[in-house]
Number of protein chains: 2
Amino acid sequence: MLRLSTKGQYGVRAMFEIARSCNHGPVTIREISERQDVSVAYLEQILNQLRKSGIIKSVRGPGGGYVLSRDPGKVSIGEILRELEGPVAITSCLDPKEGCMRVEGCVTHLLWKSLGENIEAFLNSMTLKDLLEGNEFISLKQRPGQVPGNIMAKVPDKTKARLAS
Amino acid sequence: MLRLSTKGQYGVRAMFEIARSCNHGPVTIREISERQDVSVAYLEQILNQLRKSGIIKSVRGPGGGYVLSRDPGKVSIGEILRELEGPVAITSCLDPKEGCMRVEGCVTHLLWKSLGENIEAFLNSMTLKDLLEGNEFISLKQRPGQVPGNIMAKVPDKTKARLAS
DNA sequence: ATAATAGTCTAGTGATTCTGTCAAGTATTA
DNA sequence: TAATACTTGACAGAATCACTAGACTATTAT
Ligand code: FES
Ligand code: FES
């Protein structure tokens, strides 16, 4: 349940690639495609949508590609996903475009609303910088009984190597 | 993004109706249908699935209907949804039935995993009893700056009346 | 017995959304 | 002017969703 579409997933992975090269000039769609195993044609769609929102900028012609408009620390995962898939809306009742006549007196409405707010807070608190640093597994909230632990403990060696390069 | 199917939503609302009458004998599908505006035929499917999981029991014949197998406080929303829609799986990579070859070295895998665990914890912490008491809007976690406040403050009068009866 | 009540089970179907592909075009640079 | 790269809109197959239909079984009251 609660699956994210591939569009959103690929979008975040593409943004990671752009963020990773933010000090090395623009990244081409082809490069992103090769590094993340997503077709060029599909990425075109996704990146275009993100460009229109102003989150990334494009450079045309030879040597061109995509660059971040902002600091990686200022781009949240929530923002990327909202642009590609619309706002979090667990139920149609909570979708600004739809709504519901039964909200008043509905026993579950606040439940879904609360869950949605939780998710949104999580996604907004996570940025591309966290992804670059391998911090993505730090939950927004530590539940009772859970201990933070060593930040790099769970990061695979492979990832460490890529991040170091 | 991240929409819950109507099946899950209706399932929780149906379970609420069964829980509400847990001291008044079985509830018929017809009653649930009328109180929650869901078709009898669709509810048949949903309740049958929940019955097979053992979460509710059925009584056939006149005067029959459905009853809870357990205390409302022992039935979590997570359990209901898991039964109807499978486990939380933000991405196919996290779905026990699918998986992914790229997990090692994938920069987003832990992000989605962490989000999924957060959601699951929220859903598991919420029970039918909370719904009956109108506590459903208490977020699992109070974020910094948020104050708990009066528990019944946001509950509509309509709901209060229904809960009192 | 039998009629009425109420749950059980299996299929199937139209609508929608998802997950892409394709092709023709525009802008920039060497 | 050729090569590189992004831009845009249309479209199509597959999968999932959100139900509906219909035939069947079990229980109780009369
Ligand atoms: S059914 Fe729409 S708010 Fe509950
Ligand atoms: S793509 Fe499957 S784990 Fe990241």
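Heavy-atom basis, side chains included; hydrogens, waters and symmetry copies ignored. Note that this is a predicted model, so its numbers are computed, not measured. Below, chain A is the first sequence line, B the second, and so on; all start at residue 1.
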Any residue meeting side chain to side chain donor-acceptor pair (under 3.5 Å) with [X], in chain and number order, not counting sequence neighbours:
X: A/Gln9; result: none
X: A/Glu34; result: none
X: A/Ser21; result: none
X: B/Thr28; result: B/Glu31

- Message: For residues 44-67 of chain B, which residue pairs pass the ring pair (Phe, Tyr, Trp, His ring centres under 6.0 Å) check, not counting sequence neighbours?
- Response: none

- Selection residues 34-64 of chain A - residue pairs positive for ring pair (Phe, Tyr, Trp, His ring centres under 6.0 Å), sequence neighbours left out: A/Tyr10-A/Tyr42

- May I ask you to list the residues of residues 22-31 of chain A, by number, that have any heavy atom positioned under 4.0 Å from an atom of DNA chain D? A/Val27, A/Thr28, A/Ile29

- So, with a heavy-atom separation below 4.0 Å from DNA chain D, the residues of residues 62-69 of chain A are A/Pro62, A/Gly63, A/Gly65, A/Tyr66

- Message: Under the criterion side-chain contact (heavy atoms from CB on, under 4.5 Å), I'd like the reasoning laid out for B/Leu115 against A/Leu4: C-alpha separation, chi angles, the key distance, then a yes or no.
- Response: CA-CA 11 Å; B/Leu115 173 59; A/Leu4 204 60; over 6 Å; no

- A/Arg60 side chain near C/dT26 phosphate (N/O to OP1/OP2, under 4.0 Å):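 For C/dT26, OP1/OP2 do not have a side-chain N/O of A/Arg60 under 4.0 Å.
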
- Task: To the nearest 10°, let me know how far the axis at one end of the helix from C/dA1-D/dT30 to C/dA30-D/dT1 is tilted from the axis at the other, five pairs an end.
- Result: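 It works out to 10° between the end axes.
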
- Note on the structure: Scanning both residues in full, the closest heavy-atom pair of A/Gly11 with A/Leu50 reads O-CD1, 4.4 Å

- Task: Heavy atoms only: give me the nearest A/Val27-A/Ile18 pair and the separation to one decimal.
- Result: CG2-CA, 3.9 Å

Within the distance-only criterion (no hydrogens, no angle test), does the side chain of [X] pair as donor or acceptor with the backbone N or O of [Y] below 3.5 angstrom?
X: B/Ser114; Y: B/Leu111; result: no
X: B/Ser69; Y: B/Ile55; result: yes
X: B/Asn48; Y: B/Gln45; result: no

- Message: So, taking the atom named CZ in B/Phe16 and the one named CD1 in B/Ile80, what distance separates them when rounded to the nearest 0.5 Å?
- Response: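 Between atom CZ of B/Phe16 and atom CD1 of B/Ile80 there are 11.5 Å.
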
- Nearest 0.5 Å, what's the CG-CD distance between A/Leu94 and A/Glu117?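 Between A/Leu94 CG and A/Glu117 CD, I get 8.5 Å after rounding to 0.5 Å.
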
- Query: Along nucleotides 15-23 of chain C, 5' to 3', which nucleotides get a B, which get an S, and which get a -, given that the test is a protein heavy-atom distance under 4.0 Å?
  - Reply: ----SBB-B

- Just the endpoints, please: which first and last nucleotides of DNA chain D, 5' to 3', lie under 4.0 Å from a heavy atom of chain B?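 Here the contact window of chain B covers D/dA18 to D/dT28.
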
- Starting at CD1 of B/Ile56 and ending at P of C/dG7, how long is that distance when rounded to a whole Å? 10 Å

- For A/Lys57, which contact category applies under a 4.0 Å heavy-atom criterion: base, sugar-phosphate, or nothing?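 Answer is nothing: A/Lys57 stays at 4.0 Å or more from every strand.
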
- Sequence neighbours left out, what pairs pass side chain to side chain donor-acceptor pair (under 3.5 Å) with at least one residue falling in residues 76-96 of chain A? A/Ser5-A/Glu85, A/Arg70-A/Glu79, A/Arg82-A/Glu120, A/Arg82-A/Asn124, A/Asp95-B/Arg3

